[in-house]
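Note on naming: letters A, B, ... go to the chains in the order of the sequence lines (proteins, then strands), and numbering restarts at 1 for each one.
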There are 2 protein chains.
Amino acid sequence: MTTLHKPSPDQPRPDVAARLRQAGLRTTRQRLTLAEILFADGCDRHVTAESLFAAAAARGTRLSLATVYNCLHQFTNAGLLRIVTVDSGRAYFDTNLDPHHHFYYEKSGELQDIPAADVAVSSLPAAPEGQRISRVDVILRLDG
Amino acid sequence: MTTLHKPSPDQPRPDVAARLRQAGLRTTRQRLTLAEILFADGCDRHVTAESLFAAAAARGTRLSLATVYNCLHQFTNAGLLRIVTVDSGRAYFDTNLDPHHHFYYEKSGELQDIPAADVAVSSLPAAPEGQRISRVDVILRLDG
DNA sequence: CTCTCTGCAAAAGGTTTGCACGTCC
DNA sequence: GGACGTGCAAACCTTTTGCAGAGAG
């Protein structure tokens with residue numbers, strides 16, 4: 001049996017904990033909570049620091065906003081998240097690591113994935129001398 | 001001959017002043033200075049509020065950063081500029097209004113235009129129900 | 001003369017940092 | 001026990017706002 005004397009609301013699933021360890025991150029309570037929210041069901045998520053903080057608060061975990069920022073960057077550096085830049089003033093973090101693109105609802109600030117296959121970028125210019133293209137971002141802005 | 005008694009360093013060219021008036025904006029000293037920097041030579045420019053502020057200061061015009069922000073938004077609303085979002089935390093303004101895309105040098109923060117013709121986006125997904133695609137942004141991120 | 005723009009300072013986000021304390025291994 | 005993470009508050013940076021005074025038409 002597992003630890004029975006601590007029926008916390010953010011009881012981590014083993015795969016989430018393993019995922020953190022594989023990424024070289026210690027499995028602290030706060031990281032497990034955030035990882036659980038982000039990765040547990042395998043769905044693609046787009047979060048901001050603020051929205052993730054709210055989600056953690058909603059499930060009863062007490063942690064500070066600074067820790068959310070720290071964890072988001074640690075997860076990003078560990079290759080568990082990537083940053084989507086669609087708005088100067090707010091950073092979005094995306095759990096979907098495969099190449100893909102985004103719809104951005106400018107009114108609501110929502111993001112929606114577009115599978116890479118749905119956008120055919122058939123020709124690209126060469127990178128300038130001495131440069132390497134690290135990523136191709138396609139953003140379809142929706143004004144409705 | 002034109003006004004000789006005022007050899008100011010930001011003597012506006014007539015076309016810049018006309019451009020402001022056509023856009024429905026009063027030709028104030030500050031706007032003329034900024035418009036001169038942005039539009040005078042017809043080259044495409046990418047500025048941030050801070051860089052434009054510095055450019056204005058460099059040519060000896062005294063104006064406040066808040067005014068630069070105000071003017072940038074006024075120019076944008078008047079259709080003289082557009083915003084390029086490549087970095088959450090800083091807004092770039094682009095004098096090139098034609099459809100086109102961007103190289104973004106992540107190290108230096110520089111932007112470089114890519115003509116629309118150089119990027120062939122041959123298929124796009126349909127906009128979600130009730131939505132309209134207001135813009136397609138393609139950003140090629142360079143890490144060098 | 002009126003209406004709008006500007007300047008300033010202050011506030012408002014969002015994000016980062018420094019340091020003492022706590023906790024994972 | 002030692003290294004690493006966390007919490008808090010304060011700092012930071014970019015951007016916005018409110019209001020009094022200046023300038024354009």
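- The main-chain N or O of A:Arg45 is found under 3.5 Å from a side-chain atom of A:Thr95 such that the two form a donor-acceptor pair.
- Rounded to a whole Å, the CG atom of B:Leu63 is 15 Å from the C1' atom of D:dA22.
- For A:Tyr105 and A:Gln112, the side-chain atoms include at least one donor-acceptor pair closer than 3.5 Å.
- Regarding contacts with the backbone of C:dT6, every side-chain N or O of B:Thr67 stays at 4.0 angstrom or more from both OP1 and OP2.
- Side-chain atoms of A:Leu63 and A:Leu34, non-hydrogen and from C-beta on, do get closer than 4.5 Å to each other.
- Remark: P of D:dG5 and CG of A:Leu34 are 14 Å apart, rounded to the nearest angstrom.
- Note: A:Phe39 and A:Phe75 have tilted aromatic rings, judged against thresholds of 30 and 60 degrees for the angle between ring planes.
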In B/S/- notation, 5' to 3', how is nucleotides 15-25 of chain C contacted by protein heavy atoms closer than 4.0 Å?
BBB------BS

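- Computed from C1' positions of five pairs at each end, the angle between the two local axes of the helix from C:dC1-D:dG25 to C:dC25-D:dG1 equals 30°, rounded to 10 degrees.
- Atom CG in B:Leu72 sits roughly 15 Å away from atom P in D:dT17 (whole-Å rounding).
- Every pair passing side-chain hydrogen bond (donor to acceptor under 3.5 Å, both in side chains) that includes a residue from residues 135-144 of chain B is listed here, sequence neighbours excluded: A:Arg132-B:Asp143, A:Asp137-B:Arg141, A:Arg141-B:Asp137, B:Glu106-B:Arg141, B:Arg135-B:Asp137.
- Across the protein-nucleic acid pair, B:Asp87 atom CG and D:dT14 atom C1' stand 11 Å apart, rounded to whole Å.
- Side-chain contact of B:His100 with B:Asp44: a donor-acceptor pair under 3.5 Å is absent, judged by distance alone.
- The CZ atom of A:Phe75 sits 11 Å away from the P atom of D:dG5 (whole-angstrom rounding).
- When only modelled atom types and interatomic distance are considered, A:His46 and A:Asn96 share no side-chain donor-acceptor pair under 3.5 Å.
- Here CZ of B:Arg59 is found 5.0 Å from CD of B:Glu36. Values are rounded to the nearest 0.5 Å.
- Atoms CZ and OG1, on B:Arg62 and B:Thr33 in that order, are 12.0 Å from each other to the nearest 0.5 Å.
- Distance CD (B:Gln74) to C1' (C:dT4): 10 Å, rounded to an integer number of Å.
- Nucleotide D:dT15 holds its C1' atom 14 Å from the CZ atom of B:Phe53, rounded to whole Å.
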